[in-house]
Structures are given as C-alpha cells and as structure tokens.
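My structure is below; once you've seen it, I'll send some questions.
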Amino acid sequence: MRFGTAIIHNGNEIDKITGALSIPIYNASTYDQDIDSTEVKYDYSRSGNPTRDALESTIATLERGTRGFAFSSGMAAIASVFSLFSAGDHILITRDVYGGTFRAATKLFNKYNIDFQLIDMTDLENVRRNIKENTKAIYIETPSNPLLKITDISGIVAIAKEKGLITIADNTFMTPYLQRPLDLGVDIVVHSATKFLNGHSDVIAGLAVVKDTNLADQLYFVQNTFGAILSPQDSWLLLRGIKTLKVRLDHQQNSAAALSQWLKEHPLVEEVFYPGNFGFGGNEIHFSQSRGPGAVLSFTTKSTETALNFMRRINFAAVGVSLGGVETIVSYPVRMSHASLPIEVRQDLGITDNLIRVSVGLEDVEDLIEDFRNALR
Ligand SMILES: *Cc1c(COP(=O)(O)O)cnc(C)c1O
C-alpha cells in the first residue's frame, strides 16, 4: 500500500460499532467494567481512549512502527521521551535543536542530572568523538530549524548501534510522508503534530512512535504515569488533518520549490536555505533519506532593513511562529523563535538579523510570488 492510500485505509477510518466514516469523539473519562472479565480494554481515559487509540494506531502505521503515543503537545511528547532516561545519563543532542527542546534539555532535565550535550550532528566524526562512558542516546532533527541543516540519519544510527545507544529523531518538518526514520533504524520518532500532521493551525499536539515492543512498554508507562495525554477532541481533529497530509504537502512542497527558485534570483536576496536547491549543503544526504525537500525554507536579505520591511509589508502570509498550516507563515527568528538565545549563540548558529523563515501554505504560488515581490520592493 502506498502512502496516499495508507493515510485513508489504515484500519482506523471506520467506526467498528456503527460503520461511520469518522471515529467518534469518545468524551468519556471512565468506563463501565465487567467485574468478572480478565480482559478490560478501557478503564480510564488517561490510560486509554478509543479516539486517541485510533490516532495512535494511525501514526504507528504511517511511521511503520509498532506503537504510537499521542501527547498534549510536541513538547509533552519530547519531555515524556526524555523521561525514559535516568540521573547520570549523558545524551548528545543537535545544537540547532528546536528552542523548546533546548529549554527542556538544558533548564529542566538538567535538574534531574541528565546531562544533555549540544553538538554539531552534521559531522559524524564529531558525534563519535563526543560519546562517553555514560552516553545513552543521540537526539537529532533533520532538516533543522531555521537553516535546514541536514544530518545523516543512517550514519548516526550506525554509530549508535555500534555503541549500544538509543536514537531519537524529531520528524516534525518532514512527516512520515517524506521521511521515515524508523525504516533507517532510528528507535524513537517524535513529532510536533501541531505542524504539518494536523496542518490547520488549530491544534497543539505531539506524537511519538517506536518499533521495539520493550521500548513501547517503557514509553506507555511514562505516558500513563506522567499523564500528558491528548484529549479525544484534539485526537479527532488530528485524525481528520492527517487524511489530507499528502495532498497538502504535495502542493506546499511544489510551491516552496517555486518560491525558493524565485527568491534565488531576486537581487535583494543574499542566500536561500532549502534542501531542494541544487548544491545546498547536505542536499545529497537529504535525498538519500527523504522523499522530498518539504515546505519550509529560509532566506537572508542583503540588508536588515530589507528583512524588516518585508515582514511589515507581507500580505498573504501570517507573521508569526509555527509552521505547517494551510496558510503561509513567515517568521523573523531573531525576534521570535530565537529571541531568547544570547547573541553570540545566535551568531554561531547563523541566525542573523536578515534571516526570514517561510512555511509555505496552500495559496496559489503565483499570488505568493507577487506578494513577496511587493514586500521585497
Ligand atoms: C513546534 C516544534 C516542537 C514543539 O511542539 P509543540 O507542539 O509546539 O509543543 C518540537 N519540534 C519541532 C521541530 C517543532 O517545530
């Protein structure tokens, strides 16, 4: 079964009781139990809920894992995965990781003596060099944010397998349509389902998927114990959003490629960062592990003034954080997602005052280009 078929026919599309072509929203906290039964499927909705089950089973199928878990946000999914580790453990994490993940690692989990070390994951030798006696995991994001740096997933997995480490990949930018880290040997995939998976800028949600059943039991224990679960209502919205993932991404990705091409030729644009561009750093690695470049790109303008004026004048794009919605969203990382980073760290990461990130939506690309042309004038 191909991906477009699997998102529609994965066993979670029809309500088994009524035949409805939509899984009902089971707004129940508790369930009537048969006292003599030894097989109680549902007893309490933190532990299990039929609407959330349908979503968890859907994402497990799409990522080709054995079990999926739905959380109340991407950060709840990531923090729950971090909770698998213990005091004294050392974890290597990509240095341009999502800001919230950086904060959880360095300002929350460090309090419990889990040592997160930020490193450049694009250099495999560097990864190998930084593994210590107590290293337990490698956490990657590819492409990364906002400069779309590419990490070699199979290369990381090979090092991890040799040293007996767990690998975790944040697959938010790609979704299982474009990239399936579990197929490449990664142990845990996490998502901010708030972005492309839901796709409509109306839900905050997180997902995690694993293949190994022992790891699945451990993550279920955390989900049920920590309790950062996704509600039935939001599980339903996400199930609905996922049904159109492929058509949305196909359109958005085509538009992103056209917009990237147009930006590259614009006289006021300095550089365009997009994995689909020929000659872009990591472009070959990206295409060896993914089906497409995605729908997020960033670019620098030749002056800060041009960047700020662009942000003031842009019309069809929302100005804000987040990405992956039906609407184009432009963000200005130095004042938004990366505002809290010290200026030296920002500069070191290449996040400059003339950088703009674009998440391309479902508008007609001709209109987007026209709008970008006016905003850059
Ligand atoms: C948004 C995002 C997150 C955090 O997810 P929330 O749903 O906002 O909690 C994690 N990783 C990446 C790559 C993201 O873009």
Side-chain angles (χ1 to χ4, degrees), residues 55 59 63 68-83 91 93-109 116 118 121 139-151 153 168-179 181 186 188-209 223 226 228-231 234-235 237-238 241-242 245 249 252 256 273 275 286 290 293-298 318 320-325 329-331 333 336-341 349 351 357-361:
L55 169 65
I59 192 64
E63 285 284 7
F69 301 91
F71 298 90
S72 52
S73 67
M75 283 320 305
I78 291 164
S80 295
V81 167
F82 285 175
S83 303
I91 298 172
I93 186 162
T94 190
R95 98 193 156 121
D96 47 356
V97 72
Y98 175 75
T101 310
F102 172 83
R103 186 169 57 204
T106 61
K107 298 216 165 99
L108 180 57
F109 282 87
F116 284 88
L118 292 138
M121 293 280 177
Y139 184 103
I140 61 170
E141 231 178 271
T142 181
S144 72
N145 179 33
L147 292 174
L148 294 306
K149 296 223 171 80
I150 306 301
T151 295
I153 302 176
I168 305 156
D170 183 331
N171 204 27
T172 299
F173 273 42
M174 290 284 100
T175 82
Y177 175 41
L178 299 178
Q179 180 169 279
V186 164
I188 307 176
V189 164
V190 291
H191 280 284
S192 169
T194 309
K195 316 294 168 52
F196 289 102
L197 281 170
N198 181 61
H200 293 72
S201 304
D202 53 11
V203 169
I204 298 281
L207 297 168
V209 188
Q223 185 192 37
F226 197 70
I229 48 151
L230 193 64
S231 73
D234 287 346
S235 296
L237 276 166
L238 195 45
I242 288 173
L245 174 67
L249 256 177
Q252 288 166 297
F273 304 86
H286 182 76
S290 320
V296 178
L297 60 93
S298 54
V321 293
S322 199
L323 55 107
I329 301 176
V330 295
S331 68
M336 296 176 177
S337 53
H338 295 72
S340 61
L341 288 188
L349 291 172
I351 300 162
R357 189 189 73 191
V358 188
S359 167
V360 181

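In this chain, numbering begins with 1 at the start of the sequence shown. Please read these numbers as outputs of a predicted model, since none were measured by experiment. As the structure lists them, so they are numbered: ligands from 1, and atoms in each ligand from 1.
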Quiz item: Would you say N145 touches ligand 1, if touching means a heavy atom closer than 4.0 Å?
Solution: no
Quiz prompt | Element-labelled atoms of ligand 1 that are located less than 4.0 Å from some non-hydrogen atom of D170 | solution = 10 (C), 11 (N), 12 (C), 13 (C)
Self-check item: G74, any N or O under 3.5 Å of ligand 1 N or O
Solution: yes
Quiz item: Quick one: does L238's side chain get under 4.5 Å of I59's, heavy atoms only?
Solution: no
Quiz item: Do any N/O atoms on K195 end up under 3.5 angstrom from N/O atoms on ligand 1?
Solution: yes
Quiz item: Going by distance only, is there an N or O of S192 that falls short of 3.5 Å from an N or O of ligand 1?
Solution: yes
Quiz item: Are any non-hydrogen side-chain atoms of V81 and I168 less than 4.5 angstrom apart?
Solution: yes
Quiz item: Among protein heavy atoms, which lies nearest atom 7 (O) of ligand 1, and at what distance?
Solution: T194 OG1, 2.7 Å
Quiz item: With a cut-off of 4.0 Å, which atoms of ligand 1 are near a heavy atom of I78?
Solution: 10 (C)
Quiz prompt | Contact check, side chains of R357 and V330, non-hydrogen atoms, under 4.5 Å | solution = no
Quiz item: Considering distance alone, does some N or O of M75 sit under 3.5 Å from an N or O of ligand 1?
Solution: yes
Quiz item: If we only count heavy atoms from C-beta on, is the N171 to E63 side-chain gap below 4.5 Å?
Solution: yes
Exercise. Starting from atom 4 (C) of ligand 1, find the nearest protein heavy-atom neighbour and note its residue, name and distance.
Key: Y98 CE2, 3.3 Å
Exercise. Measure the acute angle between the ring planes of F109 and F82, then classify it against the limits of 30° and 60° as parallel, tilted or perpendicular.
Key: perpendicular
Quiz item: Do any heavy atoms of V190 fall under 4.0 Å from ligand 1?
Solution: no
Quiz item: Under 4.5 Å between any side-chain heavy atoms of T142 and M121, yes or no?
Solution: no
Quiz item: Do P176 and L197 have side-chain heavy atoms sitting under 4.5 Å apart?
Solution: yes
Exercise. Examine ligand 1 and decide if any of its atoms is less than 4.0 Å from a heavy atom belonging to A205.
Key: yes
Self-check item: Within-4.5 Å side-chain heavy-atom neighbours: S80 and Q223
Solution: no
